[in-house]
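Following: one structure in structure tokens, then a few remarks.
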Amino acid sequence: MKSNKTLNGTANFHMGGKDIELPVFSATHGPDVVDISSLYKQTGMFTLDPGFTSTASCESQITFINGGEGTLLYRGYPIDQLAAESDFLESAYLLLEGELPNEEESKQFRHNITYHTMVHDHFKNFFNGFRRDAHPMAVMCGAVGALSAFYHDSTDINDPEQRKIATHRMIAKMPTIAAMAYKYHVGQPFVYPKNDLGYTENFMHMCFAVPAEDYKINKVLADALDKIFILHMDHEQNASTSTVRLAGSSGANPFACIAAGIACLWGPAHGGANEAALRMLMEIGTVDRIPEYIARAKDKEDPFRLMGFGHRVYKNYDPRAKVMQKACHEVLEAVGVKNSPLLEVAVELEKIALEDEYFVKRNLYPNIDFYSGITLRALGFPPEMFTVLFALARTVGWIAQWKEMIEDPGHKIGRPRQIYTGAAKRDYVDVAKR
Ligand code: CMC
């Protein structure tokens, strides 16, 4: 990646009896950044920013979020346009390569992904080691980590051709592994990929086909899931993407890095929120119980939070949530759900929270996870699979960000510093004297 940041003056201040000058860089969109990389050399001091609330960890040209406006761009294209006009593989190409593909590039990319969807046949033995009641995300962490043991011929990160093959393998095999995790979880035989199906249709086929019966793809549902995948594909330097970059910065192979990202995504403050949001809506159950849960969310003594609400970056309506809300209505209509009690609770909860002073003051709006649970459930997936579906889609963003980092000639191993506040240096005390 060639750097695009432009020098825009300096930040000057007085610190520790010295005049300090640090370069300031401008971005295409978003705030300028003060480059503090020489601060320690100049002052002998570190900066402290737990949770990275004011710290850019890298330069990136893939995704941009304007949290105040509530917009999300993939390579400059607004997410709502891509969700409406593009499809998963075209958007994946865009994230990886920087531009939308022409017809020939699109054909070649689709071919490459389609012909990497099968996994090594011994891979299925790996699943038998897991308990049947294992959470599919636990299975995903292990199974994706194991890919490097099967595809050792694409783990040399210094070889561009191997990097490209690893990228295609990750995107292609993720639906197969996710579907295997699902089938194992529900106790059904694995279903092999079918090359005449599109990416998302093939995933639905591998999840829902059984040997005893043909599975008919419902185009409306497949399109809705494809849109959901596009919405989840990338999201700047979120926790799991930063995890993938950090793991990759040491030179770890891409399969191991994606496994690290999956582990991070599982947390309920991140990708686990879609499962938690649906479980919360089920627990609330009826509209009359909403005030009780709103009161709990506002009570600082109670750890309960409204799942699917709030975001570190969006201080406005999450643009993905808008598309997701529409997809939710389309899916419920397509599966013939006239009156969904869960949707009724969700719509009313959103209305009440958006008018409540606590949520208004803190800019807490619904995020993508608020409606995704209801939608994925209506598509036929159990809550345990929701974060797996998120991981499937986010794999494209993870691998694009990993590729960008590896191809950046200035990349270094990620190694944060700390402010140490533990015991001062002291001498060992013999056990008899403690
Ligand atoms: N319910 C109730 N209060 C909340 C919520 C919530 N969902 N989210 C934030 N707050 C309050 C929080 O208590 C704090 O109040 P105060 O200023 O009085 O202490 C204030 O809002 C700011 O919260 P924060 O925890 O400092 O904000 P953060 O940026 O560190 O956290 C978050 C962002 C997403 C972790 C948080 O909003 C949250 O836990 N939401 C619920 C989980 C969720 O839906 N996560 C999915 C995120 S979107 C999917 C993805 O990209 O991974």
Side-chain angles (χ1 to χ4, degrees), residues 49-55 62-68 70-74 79 137 228-244 261-281 283-284 290-325 346 349-350 352-376 383 386-398 401:
D49 183 16
F52 296 93
T53 53
S54 298
T55 300
I62 302 177
T63 299
F64 175 72
I65 303 170
N66 184 329
T71 47
L72 167 63
L73 311 176
Y74 288 171
I79 190 68
M137 277 301 275
I228 293 170
F229 285 160
I230 294 176
L231 297 180
H232 284 89
M233 232 183 234
D234 197 39
H235 216 220
E236 280 190 1
Q237 307 311 316
N238 56 84
S240 57
T241 301
S242 302
T243 302
V244 169
I262 293 174
C264 179
L265 186 75
W266 195 3
H270 192 8
N274 49 17
E275 180 177 345
L278 185 80
R279 293 197 192 282
M280 177 193 74
L281 293 173
E283 193 184 306
I284 298 175
I290 292 174
E292 182 196 324
Y293 283 83
I294 294 270
R296 284 188 60 196
K298 288 156 57 171
D299 180 358
K300 294 291 166 203
E301 301 299 313
D302 189 331
F304 174 78
R305 282 187 165 198
L306 271 196
M307 298 317 284
F309 257 80
H311 199 275
R312 170 61 62 79
V313 185
Y314 293 118
K315 300 303 166 199
N316 204 324
Y317 211 102
D318 179 341
R320 304 168 303 169
K322 278 191 197 147
V323 183
M324 183 59 87
Q325 192 193 43
L349 181 61
E350 176 185 343
I352 294 175
L354 288 180
E355 286 166 1
D356 191 292
E357 201 209 328
Y358 173 95
F359 293 89
V360 173
K361 218 173 101 196
R362 290 169 179 76
N363 294 315
L364 298 170
Y365 290 85
N367 60 49
I368 189 169
D369 294 321
F370 193 64
Y371 285 102
S372 64
I374 305 175
T375 319
L376 296 175
F386 295 173
T387 316
V388 173
L389 302 182
F390 191 159
L392 185 166
R394 185 56 61 87
T395 293
V396 174
W398 288 332
Q401 300 264 355

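Each ligand, and each atom within it, is numbered from 1 in the order the structure gives. Throughout, numbering of the chain's residues begins at 1 and tracks the sequence. Remember, it's a predicted structure, so these values are computed and weren't measured experimentally.
- Remark: minimum distance from atom 43 (C) of ligand 1 to any protein heavy atom is reached at Ala273 CB, 3.5 Å.
- If you check which protein heavy atom lies closest to atom 13 (O) of ligand 1, you get Lys300 NZ, 2.9 Å.
- Looking at ligand 1, you won't find any N or O of Lys315 less than 3.5 Å from one of its N or O atoms.
- Listed by number with element, the atoms of ligand 1 under 4.0 Å from a non-hydrogen atom of Ala269 are 45 (N), 46 (C), 47 (C).
- Between Phe304 and Met280 the shortest heavy-atom distance is CZ-SD, 3.8 Å.
- Side-chain atoms of Arg296 do not come within 3.5 Å of backbone N or O of Glu292 as any donor-acceptor pair.
- Atom 48 (S) of ligand 1 has His311 CD2, 3.4 Å as its closest protein atom, hydrogens excluded (heavy atom only).
- Between Tyr358 and Leu364 there is a side-chain heavy-atom pair separated by less than 4.5 Å.
- Residue-ligand proximity, Asp369 to ligand 1, at heavy-atom distances under 4.0 Å covers atoms 46 (C), 48 (S), 49 (C).
- Side-chain atoms of Tyr74 come within 3.5 Å of backbone N or O of Asp234 as a donor-acceptor pair.
- Atom 30 (O) of ligand 1 is flagged as protein-proximal [any protein heavy atom, distance under 4.0 Å].
- Here Gln325 contributes atom CD and Arg320 contributes atom CZ; the two are 14.5 Å apart, rounded to the nearest 0.5 Å.
- A side-chain donor-acceptor contact under 3.5 Å links Asn367 to the backbone of Gly310.
- Taking distance alone, with nitrogen or oxygen atoms compared against 3.5 Å, Phe390 stays at or beyond that limit from ligand 1.
- Any N or O atom pair closer than 3.5 Å counts here, and Pro268 shares no such pair with ligand 1.
- The two atoms that bring Gly51 and Arg312 nearest to each other are O-NH1, 2.9 Å, heavy atoms only.
- In this structure, atom 26 (O) of ligand 1 has its sub-4.0 angstrom surroundings free of protein heavy atoms.
- Within the 4.0 Å heavy-atom shell around ligand 1 one finds Leu306.
- The backbone N or O of Ile65 lies less than 3.5 Å from a partner atom in the side chain of Glu236, making a donor-acceptor pair.
- At under 3.5 Å, a nitrogen or oxygen of Arg362, whether backbone or side chain, sits near a nitrogen or oxygen of ligand 1.
- Under the 4.0 angstrom criterion for non-hydrogen atoms, Tyr358 is in contact with ligand 1.
- Between the His270 side chain and the Ser240 main chain, a donor and an acceptor come within less than 3.5 Å of each other.
- The nearest protein atom to atom 4 (C) of ligand 1, hydrogens excluded, is given as Leu364 CD1, 3.6 Å; this is a heavy-atom distance.
- Scanning the protein for heavy atoms near atom 47 (C) of ligand 1, the closest one is Asn367 ND2, 3.6 Å.
- If you check which protein heavy atom lies closest to atom 34 (C) of ligand 1, you get Gly310 O, 3.7 Å.
- For the pair Asn316 (side chain) and Gly68 (backbone), a donor-acceptor distance under 3.5 Å is present.
- Applying the 4.0 Å criterion to heavy atoms of Ala297 picks out, from ligand 1, the atoms 2 (C).
- Counting all heavy atoms, side chain and backbone alike, Tyr314 lies closest to Pro319 at CE2-CD, 3.3 Å.
- Under a 4.0 angstrom heavy-atom cut-off, Lys298 registers as lying outside contact with ligand 1.
- Counting only distance, with no hydrogens or angles, the side chain of Arg279 and the backbone of Pro383 share no donor-acceptor pair below 3.5 Å.
- In terms of protein heavy-atom proximity, atom 28 (P) of ligand 1 is closest to Arg312 NE, 3.7 Å.
- Backbone and side-chain nitrogen or oxygen atoms of Phe309 are examined, and one is located within less than 3.5 angstrom of a nitrogen or oxygen of ligand 1.
- Counting only distance, with no hydrogens or angles, the side chain of Thr395 and the backbone of Ala391 share a donor-acceptor pair below 3.5 Å.
- For Phe390 and His235, the distance between ring centers is not under 6.0 angstrom.
- Within ligand 1, counting atoms from 1 as listed, the ones closer than 4.0 Å to a heavy atom of His270 are 46 (C), 50 (C), 52 (O).
- The single protein non-hydrogen atom nearest to atom 24 (P) of ligand 1 is Arg305 NH2, 4.0 Å, given as residue, atom name and distance.
- In the vicinity of Gly308, heavy-atom distances shorter than 4.0 Å reach the ligand 1 atoms 43 (C), 44 (O).
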